[in-house]
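These notes are about the structure you will find just below.
Note that these values count all heavy atoms, side chains included, but never hydrogens, waters or copies made by symmetry.
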Amino acid sequence: MPLNRSDLPADVLALLSQGTVIPAHPLALDADRQFDRRRQRALTRYYVDAGVGGLAVGVHTTQFAIRERGLYATVLEAAMQDRLAWNDRPMAMIAGLCGPTAQAQAEARTAVSLGYHAGLLSLAALAGSSEDALIAHCEAVAQEIPLIGFYLQTVVGGPVLSSDFWRRFALIPNALAIKVAPFNRYRSIDVVRGLVDARAEERVFLYTGNDDHIVLDLALPFAAMRDGAPVQVRFRGGLLGHWSVWTSSAVHQLQQIKSELAASGGALSPALLALDSRVTDCNAAFFDVANNFHGCIAGCHEVLRRQGLLEGIWCLDPEEGLGHGQSAEIDRVYRQHGDLSDDAFVRDNLARWLA
C-alpha cells in the first residue's frame, strides 16, 4: 500500500520537524567484497547509541551498486531489523531511491513494505531531462512514499535545478523534506527561494547535505522575499555522508547549536561559528576533495576502519578506494582536529556492538 505523510507516526514527523542527525549508512564488506552482516549490524548499533534521529539507507554512501548486486532489499531490511532490535525509540528511516521512474517506484514500494518512512530521491539518472519531466518523475514516485528531494552536487551527477523547480517540488502533497547538497551557496539559496515561494516552509523541512558548510547551515537563518517582506527559513537538521563518521560528536554539535540559539535568542558564540571551518577541513579529508571526491566513500570507511567498526575499506567497485594522499590527509585531520572525533565513545562500546 502507498504511504502518505499523513500516515507517518506523529513522533517521527515531530522528530523531523524539530531537526535531527541522520547519517547516510555505509555498506560493510569483507575482504571478498561480500556483505558483512556482523559489521553492518555494528554500524547500525553505533549510530543508534550515538543518538541519531534517523538513518538513510541505500543512498550514495551505501553504494548505489547494491542494486546491481541484488542487495538493495537485503541492506534496507538489515538496517530496519537491527535498529529495532537494539532500541525501539522513534527514528526516521529513509530509503535511497534512484533510477528511472519505474525503478524508483519499485524501490519505494520495497521501502514501504520494510517499514521505511520516506524516500530520498536522486535525480542523477534523469540529469538531462527537462524540469517538467523531473517534476513528473517526482510526482509519480511520491504516489508511493513521502518524498525527500535531493539537490545533488553536479560533480557527482546532479542536475542544476532552478528555484521554480523547488517551488513546484514543495507543492507536491507528499513532499516531506529537501536535502540541500549542491555544495554551492547560490543553488542552496535557490532551494530556500522555491520553498518560500511555495509557502511550504512549515510543511517541507530543509536538511543540509552541504558538507562544506554543515555548521553554518544549521546555525544561520536564510531569508527569501515574499510579498515585499523577508521570510526566514532554517535548516532543521542534516542528512549527511559526513555524519557516518564521528557521529556522536555530530549529535553533540547539533545539540550545542540548538542550545545556544535557544539561550541567546539567536546569537551564537564566535567559537561555535568558527567550528564550521574545522568541520569542513575534516570533510575535505574524509571526502577526498583534493581528488575531486574520488575517495569520498572509502575515506569514511577508513575512519570507521581505524576505529574498529569496519574490517577494511573495501567497496563493491574494486576501482573505488582512497585518493592519492588521502590517508595522509586523514592523519593530519586526526592530529589537528582529534578533539572532534568520537574515538573514545567507539572504543568504550565496540565490543558490545560487534557481539
Open item on the list: Let's go through Ser327 and Glu302 carefully: what are the C-alpha distance in whole Å and the side-chain angles of both, what is the deciding distance for side-chain hydrogen bond (donor to acceptor under 3.5 Å, both in side chains) to 0.1 Å, and is it a yes or a no?
Closed with: CA-CA 8 Å; Ser327 182; Glu302 172 62 10; 4.6 Å; no
TODO: With sequence neighbours excluded, give me every salt bridge (charged side-chain N to carboxylate O under 4.0 Å, His left out) pair touching residues 49-59.
DONE: Asp49-Arg352
Open item on the list: How close do Pro26 and Gln40 get, counting heavy atoms only, and between which atoms?
Closed with: O-NE2, 3.1 Å
Open item on the list: Could you check whether Ser188 and Asn210, counting side-chain N and O atoms only, form a donor-acceptor pair closer than 3.5 Å?
Closed with: yes
- [ ] Taking all non-hydrogen atoms of both residues into account, name the closest pair between Leu354 and Gly308 and its distance.
- [x] CD1-O, 4.2 Å
Open item on the list: Does this structure show an ion pair linking Arg193 with Asp190, if we count only N-O contacts that are shorter than 4.0 Å?
Closed with: yes
Task: Side-chain ion pair, Arg332 and Asp281, N-O less than 4.0 Å - done: yes
TODO: Find the distance between CG (Leu316) and CZ (Arg69) and round it off to the nearest 0.5 Å.
DONE: 4.5 Å
- [ ] May I ask you to say whether Asp88 pairs ionically with Arg83, meaning some side-chain N is under 4.0 Å from a carboxylate O?
- [x] no
Task: Pairwise side-chain contact, Leu121 with Phe150, heavy-atom cut-off 4.5 Å (strictly under) - done: no
TODO: State, to 0.1 Å, how close Cys300 and Val245 come at their nearest heavy-atom pair, and which atoms those are.
DONE: O-CG1, 3.5 Å
Task: Side chain proximity check, Asp276 to Thr280, heavy atoms < 4.5 angstrom - done: yes
Task: Test side-chain hydrogen bond (donor to acceptor under 3.5 Å, both in side chains) applied to Glu107 and Gln103, step by step - done: CA-CA 6 Å; Glu107 291 181 358; Gln103 176 184 337; 3.0 Å; yes
- [ ] Taking the side chain as every heavy atom from C-beta outward, state whether Leu310 and Asp36 have any pair of such atoms under 4.5 Å apart.
- [x] no
- [ ] Answer yes or no: is there an ion pair linking Asp227 with Arg199, defined by an N-O contact shorter than 4.0 Å?
- [x] yes
Open item on the list: If the condition is ring-ring contact (aromatic ring centres under 6.0 Å, His included), which residues does Phe64 pass it with, not counting sequence neighbours?
Closed with: His60
Side-chain polar contacts of residues 92-101 - donor-acceptor pairs under 3.5 angstrom, sequence neighbours left out - could you list them?
residue, atom, partner, partner atom, Å
Thr101, OG1, His137, ND1, 2.7

Open item on the list: Do His213 and Thr208 pair up side chain to side chain, a donor and an acceptor below 3.5 Å, judged on atom types alone?
Closed with: no
Open item on the list: Checking Glu139 against Asn174: is there a side-chain donor and acceptor pair closer than 3.5 Å?
Closed with: no
- [ ] Could you check whether the rings of Phe169 and Trp166 sit parallel, tilted or perpendicular, using 30° and 60° as the cut-offs?
- [x] perpendicular
Task: N-O pairing of Glu131 and Arg168 below 4.0 Å - done: no
Open item on the list: Ignoring hydrogens and geometry beyond distance, is a side-chain donor-acceptor pair present between Asp288 and His294 at under 3.5 Å?
Closed with: no
- [ ] Could you tell me if the ring centre of Phe205 sits under 6.0 Å from that of Phe235?
- [x] no
Task: Salt-bridge present (Asp342, Arg347; N to O < 4.0 Å) - done: no
Task: Residue among Phe293, Tyr334, Trp246 satisfying ring-ring contact (aromatic ring centres under 6.0 Å, His included) with Phe286 - done: Trp246
Task: Salt bridge present between Glu201 and Arg226 (N-O < 4.0 angstrom) - done: yes
Task: Trp243-Tyr47 aromatic ring centre distance below 6.0 Å - done: no
